[in-house]
Amino acid sequence: MNDGIFTVMFYLAAIIAVTAAWGVIYCKNLVHSALFLALCFIAVAGLYALLNADFLAAVQIMVYAGTVVILIVLGIMMTRRVSMDRSNVMEKSSILGAAVVSLLLLVCLLLIFLNVSFVDSAVNDIQDTVGALAQLLLTHYVLAFEIAAVLLLSAMIGAIVLAKGADEK
Amino acid sequence: MHSGLLVMTADMLSNGIDSLIGNTLITQFIMVILEIVAIFAVISVAVIIQVYMERRVCGFIQDRLGPNRVGPFGILQTVADMIKLMSKEDIIPAKAERVLWGITPMLLFIPAALVYAVFPFDDGAIFTDLNIGIFFVLAVMSQSVLMFLIGGFASENKYSFIGGMRAVAQMLSSEIPMAFSIMAVVMVTGSLKMSTIVAAQSGTWFVFIQPLAFIIFIISMTMETNRTPFDLVEGESEIIAGPFTEYSGMRWALFFLAEYTNLLTAAVLTTTLFLGGWQGPVLPGIVWFIIKVFLMIFVFMWIRWTFPRTRIDQMMGFSWKILLPLALFNIIATGIGVYIYNWMY
């Protein structure tokens with residue numbers, strides 16, 4: 001891709017992602033926060049697409065941005081307020097917690113950045129990302145793949161059992 | 001090399017612009033803009049034809065005439081309706097969330113139009129032939145449910161809100177059988193690329209190899225496009241008009257536009273996945289494509305005006321307990337079939 005277009009698109013997606021993330025935290029209304037989260041996910045999907053990770057970008061949109069719908073439904077059903085206006089207000093105590101978590105994350109990221117040497121791959125871009133992913137998932141990472149599948153299945157069965165409720169007689 | 005009518009026209013146009021300007025980069029840029037304009041033109045014209053066709057088909061099925069006063073055979077009825085909608089007063093509910101409520105109809109059109117980027121209209125006439133083509137369509141199409149929910153939520157109206165919640169339940173239960181029915185097609189083709197899926201049907205159409213997937217796909221597509229017998233999101237007799245209750249005039253027209261764009265999407269997807277896309281004898285590819293797409297649109301209208309509306313619990317039960325197991329069975333059967341085929345040849 002043309003370098004100039006790449007840079008412009010990168011900064012566009014990055015600015016949208018950061019602004020949306022800021023909106024997620026500072027919106028007073030839970031639904032608005034969740035919508036900004038969807039925007040943030042879509043901007044991150046744009047970053048993936050710029051890196052030629054097309055399948056990952058589509059999964060990001062389908063799974064993450066798609067889940068925001070469920071998040072909003074849960075948010076509305078769980079908060080049980082007449083108005084959603086002040087459903088996501090920052091508390092004094094949560095600011096402290098947020099500061100600690102952010103600091104920890106910053107330290108972790110710095111450690112990773114300082115210890116990992118990023119290499120520019122000399123090989124050309126992978127054209128068939130889906131095929132390559134499938135090969136890896138069903139050979140090298142098959143154990144992790146199956147464990148995740150079993151975990152999801154058990155979570156689903158658990159949800160069904162909980163939703164059915166006890167047999168009251 | 002591609003030999004379709006559309007590609008030849010585009011090549012001629014691009015050569016003409018190139019000789020006029022003499023800069024390849026600017027020519028490419030102009031061509032991309034022209035292609036986007038062409039896609040929007042296709043959508044708008046198709047929507048106008050579909051609205052007229054819906055009324056005539058409805059009239060025919062209910063044994064009446066349908067629109068027949070404005071212009072010859074009433075073909076200008078849609079134009080008259082558009083003028084009426086544009087001249088309507090713009091009513092905004094006092095207690096609605098203004099910003100969210102206002103942007104919802106516009107946002108709804110984005111996923112509806114975005115999927116047209118990967119549809120093969122003719123041999124080589126495809127805006128971007130993504131490697132993940134059909135998966136991209138699924139990912140983008142699933143986003144429209146968010147707009148229904150926001151529209152229902154921002155209207156601050158119980159009927160709109162129930163409609164929005166119904167949209168979430170309905171889309172979730174329709175998308176999973178649909179994705180699994182498409183997966184069987186992808187298994188036979190071995191690719192997610194739209195052009196490869198069409199090319200794989202040069203011999204036999206997938207409707208003959210995958211009849212079960214075809215039926216599941218048609219039913220789940222009817223749910224996805226919110227059309228009777230599964231138009232529970234609007235359900236006039238139950239919740240007025242669901243998320244569209246508070247919208248009028250041009251804002252409502254945008255919902256309407258997105259709805260008919262989705263119907264066209266459903267027909268194009270069925271044509272591409274099961275009916276061999278643009279392929280056919282004698283006639284050029286684009287003509288075959290248009291014939292098949294309008295045949296499928298007619299089938300969807302036929303379904304709409306034939307069946308009564310189901311209840312929400314019937315629809316959810318049908319989708320999760322019948323369509324999903326059938327789709328899973330179809331995937332296993334397809335897997336065994338592909339294995340035996342590879343073993344024999």
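Computation of the quantities below employed the complete heavy-atom set of this structure, encompassing side-chain atoms and omitting hydrogens, waters and symmetry-equivalent molecules. Because the structure is predicted, anything quoted here is derived from the model rather than measured. Below, read A as the first sequence line, B as the second, and so on, with proteins coming before strands; counting in each chain starts at 1.
In this structure, a donor-acceptor pair under 3.5 Å is present between the side chains of Ser195(B) and Asp129(B).
Side-chain contact between Val130(A) and Leu133(A) is absent, with no heavy-atom pair separated by less than 4.5 Å. Between Leu323(B) and Phe180(B), every side-chain heavy-atom pair lies at or beyond the 4.5 Å cut-off. Here the side chains of Pro243(B) and Ser155(B) are not in contact, with every heavy-atom distance at 4.5 Å or above. Looking at Phe153(B) and Glu97(B), their side chains come closer than 4.5 Å, going by heavy atoms from C-beta outward.
If you measure heavy-atom distances from Ala38(A) to chain B, the contacts under 4.5 Å come from the side chain alone. Leu130(B) does not touch chain A: none of its heavy atoms, backbone or side chain, sits under 4.5 Å away. Both the backbone and the side chain of Val59(A) come within contact range of chain B, with heavy atoms under 4.5 Å apart.
Among the residues in residues 134-152 of chain B, those with a non-hydrogen atom closer than 4.5 angstrom to a non-hydrogen atom of chain A are Phe135(B), Leu138(B), Ala139(B), Ser142(B), Gln143(B), Val145(B), Leu146(B), Leu149(B), Ile150(B).
Aromatic rings of Tyr26(A) and Trp22(A) (six-membered ring for Trp) have centroids within the 6.0 Å cut-off, being under it.
A salt bridge links Glu238(B) with Arg166(B); the closest basic N to acidic carboxylate O contact falls under 4.0 Å.
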